[in-house]
Number of protein chains: 2
Amino acid sequence: MERTTRTPSRHPAVAPTLADVAERAGVSRQTVSNAVNNPDLLRGDTLARVQAAIVELGYVPNRAARNLRTRASHLIGLRMSPVQEGTANAAMDRFVHSLVWTSREAGYHVLLFSGEGPDPLEGYDDLLRSTAVDAFVVTDTYLGNPQATWLRERRAPFVAFGRPWGDDDAKHPWVDVDGAAGTEQATTHLLDRGHTRIAWIGWRKDSFIGEDRRAGWSRALRERGHSTTGLASRVEDTVWSGREASAVLLDEANPSAFVCASDTLAMGVLHTLAERGLHPGRDIAVVGFDDSQVAQVVHPGLTSVRQPLEEVAIAVVRSLEDLLATPSYVGEGLLLTPTLTVRGSS
Amino acid sequence: MERTTRTPSRHPAVAPTLADVAERAGVSRQTVSNAVNNPDLLRGDTLARVQAAIVELGYVPNRAARNLRTRASHLIGLRMSPVQEGTANAAMDRFVHSLVWTSREAGYHVLLFSGEGPDPLEGYDDLLRSTAVDAFVVTDTYLGNPQATWLRERRAPFVAFGRPWGDDDAKHPWVDVDGAAGTEQATTHLLDRGHTRIAWIGWRKDSFIGEDRRAGWSRALRERGHSTTGLASRVEDTVWSGREASAVLLDEANPSAFVCASDTLAMGVLHTLAERGLHPGRDIAVVGFDDSQVAQVVHPGLTSVRQPLEEVAIAVVRSLEDLLATPSYVGEGLLLTPTLTVRGSS
DNA sequence: GATCGGGTTTGGATCGATCCAGAAGGGGCC
DNA sequence: GGCCCCTTCTGGATCGATCCAAACCCGATC
């Protein structure tokens with residue numbers, strides 16, 4: 001394979017190839033490949049010579065060629081869930097950040113794709129079969145969750161952020177945050193501050209995540225011998241719903257504190273308090289969930305359960321590495337504990 | 001090239017190749033390739049036959065092979081800027097969403113990479129030289145902006161979201177939002193509501209973006225013959241700074257309304273109002289910038305300038321397509337006008 | 001009937017890396 | 001010295017698509 005018609009390798013317009021480096025260093029192509037991927041195989045002086053040539057030419061391996069040969073892309077697919085305006089959900093953003101950062105350390109990049117449209121599986125299939133990505137990270141494992149089932153059937157490698165709710169025979173790796181532990185912390189925190197009538201505003205009963213978070217609240221209250229009756233409300237995840245629910249609860253159940261399944265709902269509570277001239281933290285305590293930007297900047301600061309998304313990302317990437325290294329890898333689940341960020345609202 | 005040792009093509013574990021499709025359809029490889037990429041070149045019946053074979057085998061072109069041959073990856077690189085906790089910046093999230101969505105329509109995917117660490121150019125170089133991405137979208141073109149300069153020198157294709165501030169001979173395509181027009185709208189809106197003493201809280205003077213937004217405020221006031229003296233404050237982009245600045249302005253300049261360079265600063269104003277028992281919207285009007293989630297969920301709703309990020313993404317992708325289609329493409333700039341979302345705070 | 005031209009179709013070469021089997025090189029051991 | 005072994009290095013084949021130049025087909029033209 002002669003390169004006679006090619007511009008000299010010093011010319012920056014054409015990227016140098018492995019063959020160029022080999023010629024420069026006076027070794028074969030395979031030796032250069034080894035210098036890059038298995039330096040241990042080379043004798044010290046040869047390695048030094050090859051590395052010098054690599055630096056001189058500014059050689060960087062061509063990904064497409066490598067991907068073709070190794071049948072791997074070193075890309076992780078992540079589907080962007082549809083935007084929800086009017087909610088305070090910043091969790092996704094933080095998670096993506098952590099994931100990108102952690103993946104980089106493991107030699108992977110994150111490929112975003114859009115899953116909007118009627119079919120949530122749209123996109124997964126193409127990316128998988130065109131070998132565009134090595135694996136997926138699946139984030140919204142709410143009830144039913146078609147992606148996980150579908151991916152499992154295709155024997156596609158993936159790790160889920162979120163438990164396989166209601167699917168006990170699911171055998172894929174997943175990482176999740178113990179929501180119940182979070183709301184239990186929040187409730188205990190309020191009990192320690194002297195509150196006894198602590199209300200819950202959560203999501204509709206068909207949300208596994210919502211019921212999990214609710215369980216933490218009721219567990220904490222019952223453990224200390226306090227009642228939960230009449231103190232719970234289950235609504236949609238909107239500010240408006242939180243506002244309505246808190247208004248009703250204030251009128252009918254006389255709570256001195258609220259624990260909410262999301263910062264969005266907690267903001268609804270703050271609306272009600274503002275309308276009634278009540279001061280959050282002083283008159284009524286409020287705790288949210290997610291530690292979103294909203295919780296951080298609102299007056300007087302919203303106490304909120306913070307998910308350890310950095311750790312989630314680390315665990316996800318670790319699972320991913322295991323999964324890709326061992327095709328027969330049996331999925332494991334990992335549950336991480338959130339922390340409570342206390343601010344002015346409690 | 002015989003495939004005798006291979007499992008039958010019906011076996012789903014091995015992805016069918018173009019050669020398999022060709023054999024099935026009784027045509028050559030090139031014909032299949034044309035059926036996929038240039039259907040016009042085929043006679044009707046041949047095309048139908050090939051397409052049938054493609055469907056039967058479930059053929060999807062292998063990206064790595066295509067990328068290698070065409071020297072293109074159909075990936076767009078986007079660097080994630082470092083997270084800023086405690087600010088209300090949701091703009092990035094919305095933009096990424098729109099970009100992913102728009103790119104998909106143009107046949108591109110978005111590759112995220114992390115730019116944390118001392119060198120902001122870290123990552124760009126590797127991705128570019130390893131032909132991992134075809135182009136970049138550069139987002140933070142604040143002052144100086146080393147990426148743009150560096151990328152231009154490398155003749156790397158990129159489109160910037162943000163003007164090349166203070167660099168008049170920059171000849172790359174960019175898309176930006178007319179911040180001054182946004183704050184001018186906001187100020188005019190307040191003037192129309194009867195306010196005359198309208199204060200400004202913005203960023204430090206070395207921020208081009210901040211000065212641009214400030215210009216809109218002062219222009220609107222001067223056009224209607226109102227004074228700006230003593231009514232402007234320039235601080236860091238934090239809630240705390242906004243709180244301090246608004247407290248000082250209230251004491252010394254007696255404004256009835258605030259226009260802010262960001263929702264973060266506007267939240268600071270809301271803090272001050274809450275502390276003084278003043279009601280936003282009723283006693284003092286407040287306008288923010290970015291229409292973040294915070295603005296949407298806070299009580300009683302924060303009026304805010306909303307950037308048309310969907311349109312920005314569309315324009316960015318369009319520029320990118322031109323750029324990649326015509327290597328000699330001369331960069332153009334495009335300035336889009338934001339809108340004002342009016343809520344309870346004004 | 002042979003030639004021409006166009007739209008179609010073909011097979012070989014190629015992109016740049018890695019896999020693989022085998023060939024040098026250099027000691028150690030009998 | 002000869003043999004064997006282990007480390008180090010080599011060159012051909014390969015991954016799966018596209019580029020390219022040439023061959024094919026078939027009706028229109030002379």
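What's counted below: heavy atoms across the whole structure, side chains too, no hydrogens, waters or symmetry copies. Residue numbers start from 1 in every chain, and the chains themselves are labelled A, B, ... in the order their sequence lines are given, proteins ahead of strands.
- Straight-line distance from the CG atom of Asn38(B) to the P atom of dA17(D): 16 Å, rounded to whole Å.
- A straight line from CZ of Arg63(A) to C1' of dT18(C) spans 16 Å, rounded to a whole angstrom.
- A side chain to side chain donor-acceptor pair (under 3.5 Å) with Ser73(B) holds for exactly one of Thr131(B), Asn67(B), Asp134(B); it is Asp134(B).
- Considering only side-chain N and O atoms, Arg71(B) lies under 4.0 angstrom from the phosphate OP1 or OP2 of dG16(C).
- In this structure, Glu23(A) places its CD atom 18 Å from P of dC9(D), rounding to the nearest Å.
- A tilted orientation is assigned to the rings of Tyr124(A) and Trp150(A), their planes being inclined by 30° to 60°.
- If you take CG of Asp20(A) and P of dC15(C), they are 11 Å apart, rounded to a whole angstrom.
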Exercise for the section: Indicate for each nucleotide in nucleotides 6-14 of chain C, in 5' to 3' sequence, whether protein heavy atoms under 4.0 Å reach the base (B), only the sugar-phosphate (S), or nothing (-). Expected result: --SSBBBBB
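- Taking every heavy atom of both residues into account, Gly26(B) and Arg49(B) meet most closely at O-NH1, 4.1 Å.
- In this structure Leu336(A) satisfies the side-chain contact (heavy atoms from CB on, under 4.5 Å) test together with Val175(A), Pro308(A), Glu311(A), Val312(A), Leu334(A), sequence neighbours excluded.
- In this model, the phosphate group of dT18(D) is approached by a side-chain N or O of Ser33(B) to a distance below 4.0 Å at OP1 or OP2.
- Here dC15(C) presents its C1' atom at 16 Å from CZ of Arg66(A), a figure rounded to the nearest Å.
- Ion pair Arg129(A)/Asp125(A) flagged as a salt bridge, since at least one NZ, NE, NH1 or NH2 atom sits closer than 4.0 Å to an Asp/Glu carboxylate oxygen.
- Ring geometry, Phe136(B) versus Phe113(B): the interplanar angle exceeds 60°, so the pair is classed perpendicular (tilted spans 30 to 60°).
- Backbone-only contact: Asn37(B) has heavy atoms under 4.0 Å from sugar-phosphate atoms and none from a base.
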